[in-house]
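Beneath this line is the structure, given in structure tokens, with notes to follow.
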Amino acid sequence: HGRISQLAFLGQIVTRNGVHLSGDIDYSGNSFDSFPNGWAAIDGPDAIPQAGLFQILAFVGALELFVMKDIEDTGNEFVGDFRNGALDFGWDTFDEETKLSKRAIEL
């Protein structure tokens, strides 16, 4: 929940400063910056269409159910380690003290 909250906060800061993805959000030609920021993008007269909101929720749900799983016997070292033997980014080269420090930074 901490990472989700951090991403949500960062999204608010970035979009409220006028930074949006380029291009169109749908085939109708609506651009990303044509929708309001914050809660108004979900509920309001200019909100993202319900089908688009459903797609976002379905994608997040699929990630939670099928991708971000703690699969046993795949090399996971601690609770919340979702690498599942697929991602490394050099984590295995760190000593135990460095690993503990990096995990504590997120707290």
Across all chains, not counting sequence neighbours, the side-chain hydrogen bond (donor to acceptor under 3.5 Å, both in side chains) partners of D95 are T98
In the hydrophobic cluster built from side-chain contacts under 4.5 Å, what are the other members alongside [X]?
X: I25; answer: L21, F32, F35, I48
X: V14; answer: L10, V19
X: I13; answer: F9

Restricting to pairs with a member in residues 15-24, which pass side chain to side chain donor-acceptor pair (under 3.5 Å), not counting sequence neighbours?
Q12-R16
Side chain to side chain donor-acceptor pair (under 3.5 Å) contacts touching residues 31-40 (sequence neighbours left out):
S31-D33
Tell me, please, which residues at least two apart from L63 pass side-chain contact (heavy atoms from CB on, under 4.5 Å).
F59, V67
Quick one: pull up CD in Q55 and CG in D26 and give me the separation to the nearest 0.5 Å.
9.5 Å
Check G90 against T93 and note the closest heavy-atom contact, atom names and distance.
O-OG1, 2.5 Å
Residues P36 and A41: closest non-hydrogen pair is O-CB, 3.2 Å
Please say whether more than 12 non-hydrogen atoms of neighbouring residues, nucleotides or ligands are located less than 6.0 Å from CZ in F94.
yes
